[in-house]
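Shown next, in structure tokens, is the structure this report addresses.
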Amino acid sequence: MRLSQFFLPTLKETPSEAQIASHRLMLRAGMVRQLTAGIYSWLPLGHRVLKKIEQIVREEQDKIGFNELLMPTIQPAELWQESGRYDDYGLEMLRITDRHDRKMLFGPTNEEAITDIFRKDVRSYKQLPQLLYHIQWKFRDEIRPRFGVMRGREFYMKDAYSFDIDYESARHTYNKIFLAYCRTFTRLGVKAIPMVADTGPIGGDLSHEFIILADTGESEVFCDKKWLDKDLTGKGVDLNDRTGLENWVQGTLEDYAATEEMHDASNEAVTALGDDLVTTRGIEVGHIFHFGTKYSEPMGATVLGPDGTEVPVQMGSYGIGVSRLVGALIEASHDENGIIWPESVAPYKVGLINLRTGDDECDAACEDAYAKLTNAGIEVLYDDRDIRAGGKFADMDLIGLPWQIVIGPKGLKNGVVELKNRKSGEKTEVTFEAALNQLSA
RNA sequence: CGGGGAGUAGCGCAGUCUGGUAGCGUACCUGCUUUGGGAGCAGGGGGUCGCGAGUUCGAAUCUCGCCUUCCCGACCA
């Protein structure tokens, strides 16, 4: 993409409403613009990151056998009256009325809707388990939206739902999701620590939150320092081996980690840690629940078992805050000059900087580099704008692409370009071909 | 919802106390000179001063009401 043809409204100064790093940087880097409190438009750069995160989340769901579908954002009130949550959910649910005076709502989550889909078409235990998910916008009318996309009212979430015949089977599904989440966050380039969680209004008895450690996190968290460099990729774990997977999950959860609500300072496991207990703040980016028959029972989601009796199915739901992750990743990775994207979610892999737009030799070298990078399948953002070098450097650091290739008259005289790593700040002078090779690797 | 800020050009701000032609920086447009980490000079465009009432000869400024937004707290992917 040529920057001259890209909508990238970067800001030199921070709009006064933005307080925390991710919000400031998302506005300055031209990723989002606020429409009203807690509701944002995603500009091209932000949209690319959102879609990259979404795709990684999707791939890891698909790998454990979940089926993607898409449910509506608007739901009828009756469904929620059936589950009993229409009254329970409170003011956070945005309620609306259609032209026939029918009560509708903008979905804050989809347990009811998915249960309705399930109950209409699944009749037998032989059809279980059913593993379904979608990635869709949600609306929760937060009392106080804040921190940009981290606590918006409208947000993009992956929510998965499972239906199993019994607890053992449901627990296996839970374990699969647990592994998929560990892998998802690892691929996103962050450490998200699973912590035993309060099940809250969704209910149930088995639940973990995945928390990214960051100073600006919303809640205080406590964990064994072993978590900080623990491998969560679950290499070699066989998804079909129930016992093996269960053992891996239990082994992983062996070390202490708890959110503020669940933390118990007098617990033996905590006191034994001593200085190895890390106290910091965290951002919740995922939450998984097993809640049994909480919805299947009132809503009549039953199947016939092998013995011919009708049983309510065992359900679970599993969420990842996709739009929140954009902010959370920035909180976890930035410096005074801007964002530092992990390569897996960067809007482009490389920024190509033409230091002297308008200079024939520079333009030709950059055009050649742009074509070669593009042909090599490398996502490149080419800054061909006719502005001074300083502005290009500043913008490129701000938007945080992992690599920069800087081409200017001085380097060209010596047949070299500058290759800069955004994260380490390391700059090397190499031939363009060497840079291309390194980036292709 | 309780407490505390803020609404003046795209963004950052001054002006409000003490009423009298709406300003500065930056961004934007034109020209010239520049060009390796946010250039210089000259010229130029852009404002219902959040909205509505009121007081006054006259309101960004004073009074009343409303709206929006940000921060702290209780709640949450």
Side-chain angles (χ1 to χ4, degrees), chain A residues 9-20 23-24 27-28 30 33-39 57 89-93 107-110 135-160 181 192 197-202 207-212 218-219 259-261 282-289 317-328 337-338 353-359 362 385-398 404 406-414 416-418 420 425 427 429:
Chain A
T10 57
L11 304 173
K12 215 164 171 178
E13 289 176 285
T14 305
S16 56
E17 75 265 18
Q19 299 297 322
I20 64 164
H23 192 196
R24 286 200 306 264
L27 290 170
R28 286 195 54 213
R33 287 294 181 260
Q34 180 172 309
L35 190 58
T36 183
I39 300 180
V57 169
Y89 219 92
L91 294 172
E92 233 174 75
M93 185 153 74
T109 177
N110 288 65
I135 304 174
Q136 176 66 292
W137 292 94
K138 307 290 188 292
F139 197 96
R140 294 185 191 172
D141 200 1
E142 295 279 345
I143 302 171
R144 180 155 92 87
R146 60 186 134 171
F147 304 148
V149 300
M150 301 253 286
R151 179 158 300 287
R153 292 195 289 173
E154 187 183 54
F155 59 98
Y156 202 43
M157 183 165 91
K158 185 285 298 180
D159 40 320
Y181 274 34
D198 193 1
T199 52
I202 295 184
S207 175
H208 289 88
E209 289 178 11
F210 285 77
I211 307 266
I212 290 179
E218 285 196 87
S219 54
T259 58
E260 205 170 359
E261 307 85 63
I283 302 164
E284 181 183 355
V285 289
H287 201 155
I288 59 180
F289 300 88
S317 77
Y318 320 94
I320 289 182
V322 177
S323 51
R324 171 180 284 183
L325 265 166
V326 179
N337 295 322
I353 295 181
N354 184 343
L355 280 183
R356 193 78 66 85
T357 299
D359 175 279
C362 258
R385 294 175 301 174
D386 188 12
I387 63 169
R388 297 167 61 86
K392 295 187 179 183
F393 287 128
D395 275 345
M396 206 54 90
D397 282 350
L398 177 61
Q404 297 172 14
V406 181
I407 297 182
K410 288 182 191 169
L412 285 178
K413 268 181 201 145
N414 303 317
V416 294
V417 302
E418 182 181 290
K420 175 178 166 181
K427 300 176 199 172
E429 297 213 321

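Note that the coordinates shown come from a computational prediction; the quantities given were computed from them, not determined experimentally.
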Point to revise | B/A27 phosphate, OP1 or OP2, under 4.0 Å from A/K12 side-chain N/O | key: yes
Pairing partner of B/G25, by Watson-Crick or G-U wobble and under 3.5 Å for both distances, is B/C11
| said: Between B/G20 and B/C13, how many Å separate the two P atoms, rounded to a whole number? | reply: 24 Å
Requested in this report: Check whether any side-chain nitrogen or oxygen of A/T36 sits under 4.0 Å from OP1 or OP2 of B/U69, and answer yes or no.
Outcome: yes
Whole-Å distance, A/E284 CD to B/C75 P, equals 14 Å
For this session: Taking atom C1' in both B/C1 and B/C75, compute the distance separating them and give it to the nearest angstrom.
Result: 11 Å
Separation of B/A77 atom P from A/E92 atom CD, nearest Å, is 9 Å
Q: Examine distances only and state if a side-chain atom of A/R33 and a backbone atom of A/L27 form a donor-acceptor pair shorter than 3.5 Å.
A: yes
If pairing means Watson-Crick or G-U wobble with both distances under 3.5 Å, then the partner of B/G45 is none
The contact string for nucleotides 30-36 of chain B, one letter per nucleotide 5' to 3', using protein heavy atoms under 4.0 Å with B, S and - for base, sugar-phosphate only and none, comes out as ----BSB
Within the 4.0 Å heavy-atom criterion, would you say A/T14 contacts the bases, only the backbone, or no part of the nucleic acid? sugar-phosphate
request  = Determine the interatomic distance between C1' on B/A74 and the same-named atom on B/U61; round to the nearest Å.
outcome  = 38 Å
Worksheet item: Are A/S16 and B/C70 close enough that a side-chain N or O sits under 4.0 Å from OP1 or OP2?
Response: no
Determine whether A/Q136 and A/D159 satisfy the following criterion, side chain to side chain donor-acceptor pair (under 3.5 Å), listing intermediate values before the conclusion.
CA-CA 8 Å; A/Q136 176 66 292; A/D159 40 320; over 6 Å; no
Value for CZ (A/R324) from CD1 (A/I212), rounded to nearest 0.5 Å, stands at 10.0 Å
To the nearest angstrom, the CZ-P distance between A/F147 and B/U69 comes to 17 Å
A/I143 has its side chain closest, among B/G38, B/C1, B/G12, to B/C1
Side-chain donor/acceptor of A/Q19 to backbone N/O of A/S16, under 3.5 Å:
yes
message = With rounding to the closest Å, how many angstrom separate the P atoms on B/U26 and B/U55?
response = 43 Å
Looking for any heavy atom pair under 4.0 Å, which part of the strands does A/D397 touch: base, sugar-phosphate only, or nothing?
base
(message) Over all strands shown, is A/G148 touching base, sugar-phosphate only, or nothing at heavy-atom distances under 4.0 angstrom?
(response) nothing
Between CZ of A/F155 and P of B/A77 the distance, given in whole Å, is 8 Å
Atom P, compared across B/A9 and B/U48: separation rounded to whole Å: 9 Å
Query raised in the report: NA contact type, A/R153, heavy-atom cut-off 4.0 Å: base, sugar-phosphate, or nothing?
Result: nothing
The residue among A/R385, A/K392, A/R388 that forms side-chain hydrogen bond (donor to acceptor under 3.5 Å, both in side chains) with A/T357 is A/K392
Q) Below 4.5 Å, heavy atoms only, C-beta onward: do A/V285 and A/Y181 meet side chain to side chain? A) no
Contacts of A/M150 and A/D395 projected onto RNA chain B by closest heavy atom; the upstream (5') one is A/D395
Any strand, both distances under 3.5 Å, Watson-Crick or G-U wobble: B/C32 pairs with B/G40
In this structure, CD1 of A/I288 is separated from CD of A/E209 (nearest 0.5 Å) by 10.5 Å
Here the distance between atom C1' of B/A77 and atom CZ of A/F139, to the nearest Å, is 14 Å
pair_partner(B/U18), Watson-Crick or wobble, both distances < 3.5 Å, evaluates to none
A/I39 atom CD1 is separated from B/U69 atom P, nearest whole Å, by 9 Å
The Watson-Crick or G-U wobble partner of B/G54, with both key distances under 3.5 Å, is B/C62
Pairwise P distance, B/G43 and B/U56 [rounded to whole Å] | 44 Å
Rounded to whole Å, CG of A/L27 lies from P of B/G12 at a distance of 10 Å
* Asked: Is there a side-chain polar atom (N or O) of A/Q19 under 4.0 Å from OP1 or OP2 of B/C72?
  -> no
*Has the side chain of A/K158 got a donor or acceptor atom that lies under 3.5 Å from a matching backbone atom of A/Y318?*
yes
request  = Determine the interatomic distance between P on B/A60 and the same-named atom on B/G54; round to the nearest Å.
outcome  = 15 Å
Taken to the nearest whole Å, CD/A/Q34 to P/B/U68 is 13 Å
Taking a pair to mean Watson-Crick or G-U wobble geometry with both distances below 3.5 Å, B/C75 pairs with none
Scanning both residues in full, the closest heavy-atom pair of A/F155 with A/P108 reads CZ-O, 4.5 Å
Item checked: B/C66 and B/G10, which share atom name C1', separated by this distance in whole Å -> 27 Å
Sequence neighbours excluded, the answer for salt bridge (charged side-chain N to carboxylate O under 4.0 Å, His left out) partners of A/R356 is none
Examine the base of B/G38 for any acceptor or donor lying under 3.5 Å from a partner atom in the side chain of A/E13, and report the outcome as yes or no. no
